[in-house]
Amino acid sequence: MLRAALRASHSTIRTGLFSAPSVSLARRYLSQDTRAKIQDAVSSTPVVLFMKGTPDAPQCGFSRAAIQVLDIQGVAPEKLKTFNILEDTELRSAMKEFSEWPTFPQIYVNGEFVGGCDILLSMHQSGELEELLEKNNVIPPAESQPSSSPSGSS
Amino acid sequence: MSTSPSDPSQTATPGPVESSIRQKLNSLFTPAELTVTNDSWQHRHHAPMRAQGGGNGETHFSVTIVSEAFKGKTTMQRHRLIFSALSEEFAEGLHSLSLKTKTPEEIQKAAAH
């Protein structure tokens with residue numbers, strides 16, 4: 001959906017405003033319009049992950065680690081949306097600009113950029129991630145909802 | 001040297017990108033500790049690396065850096081500092097940095113436990 005939207009806006013830019021694609025295209029093409037669409041996309045689902053590959057077939061160890069951490073935290077599938085940036089070079093460069101972050105994965109929680117793989121892992125280890133996910137109602141608080149076995153497959 | 005040719009991290013001389021990472025981080029952060037490891041050989045089969053013919057052998061690094069410059073900053077701010085210090089390297093093909101960014105105090109605290 002976003003992909004289609006991004007593509008549509010991108011091709012408009014190409015055929016319309018700038019006839020010659022240039023090196024600075026990446027910077028230019030992050031128009032207000034694109035920016036708004038990305039902001040919508042990162043806010044549409046509680047957790048949004050821009051990754052290499054898919055949850056079932058991650059194409060990079062760092063993306064795999066991010067998926068594993070979210071799985072361990074018990075983030076339900078309906079609360080997680082992933083984008084495979086290897087399939088969409090425009091989305092890929094747009095996200096580098098949008099997040100001001102040069103690498104993937106990139107994790108958003110309720111529209112806020114959390115960071116990359118190293119940050120996610122260290123927040124997981126320190127307990128900050130659980131706190132953040134609870135605060136944002138991504139996972140139920142530890143005490144108030146005792147385990148009705150929400151843990152899924154290990 | 002008896003190391004396998006598939007593991008350039010074991011060779012004696014660091015490549016130009018690695019040298020440049022070291023030099024920039026040293027001068028910008030005057031770190032108490034700095035370790036730069038080239039992990040590129042572990043990633044040369046990845047789709048994006050295959051697309052560039054396996055990369056130039058200097059695409060993936062791990063960096064551990066201990067510096068006073070990180071005091072009072074969140075991990076994300078620390079990582080952004082490093083990313084912006086190395087923006088030229090990223091523009092020229094650096095693909096991934098695995099970062100550990102600490103202050104000397106944090107290292108001491110961790111050691112005390």
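First the proteins, then the strands, lettered A, B, ... as listed; each starts at 1. All figures in this text were calculated on a predicted structure; none of them were measured in a lab.
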### Task
Please list, in residue-number order, every residue in residues 115-124 of chain A that has a heavy atom less than 4.5 Å from any heavy atom of chain B; write 'none' if there are none.
G115(A), D118(A), I119(A)
### Query
Heavy atoms under 4.5 Å from chain A: which residues of residues 96-110 of chain B carry them?
S96(B), L97(B), S98(B), L99(B)
#### Entry: Contacting moiety of F62(A), where chain B heavy atoms sit under 4.5 Å
side chain
### Query
Under a 4.5 Å side-chain heavy-atom rule over Ile, Leu, Val, Met, Phe, Trp and Tyr, are V66(B) and I21(B) clustered together?
no
### Query
In terms of heavy-atom contacts, does CD of E78(A) have more than 12 from other residues, nucleotides or ligands at under 6.0 Å?
yes
### Task
For the pair W101(A) and F83(B), name the ring-plane relationship: parallel under 30°, tilted 30 to 60°, perpendicular over 60°.
perpendicular
### Message
Could you report the tightest heavy-atom contact between E100(A) and R80(B), atom names first, then the distance?
### Response
O-NE, 3.1 Å
#### Entry: Single-linkage hydrophobic cluster V109(A)~M76(B), side-chain heavy atoms < 4.5 angstrom
yes
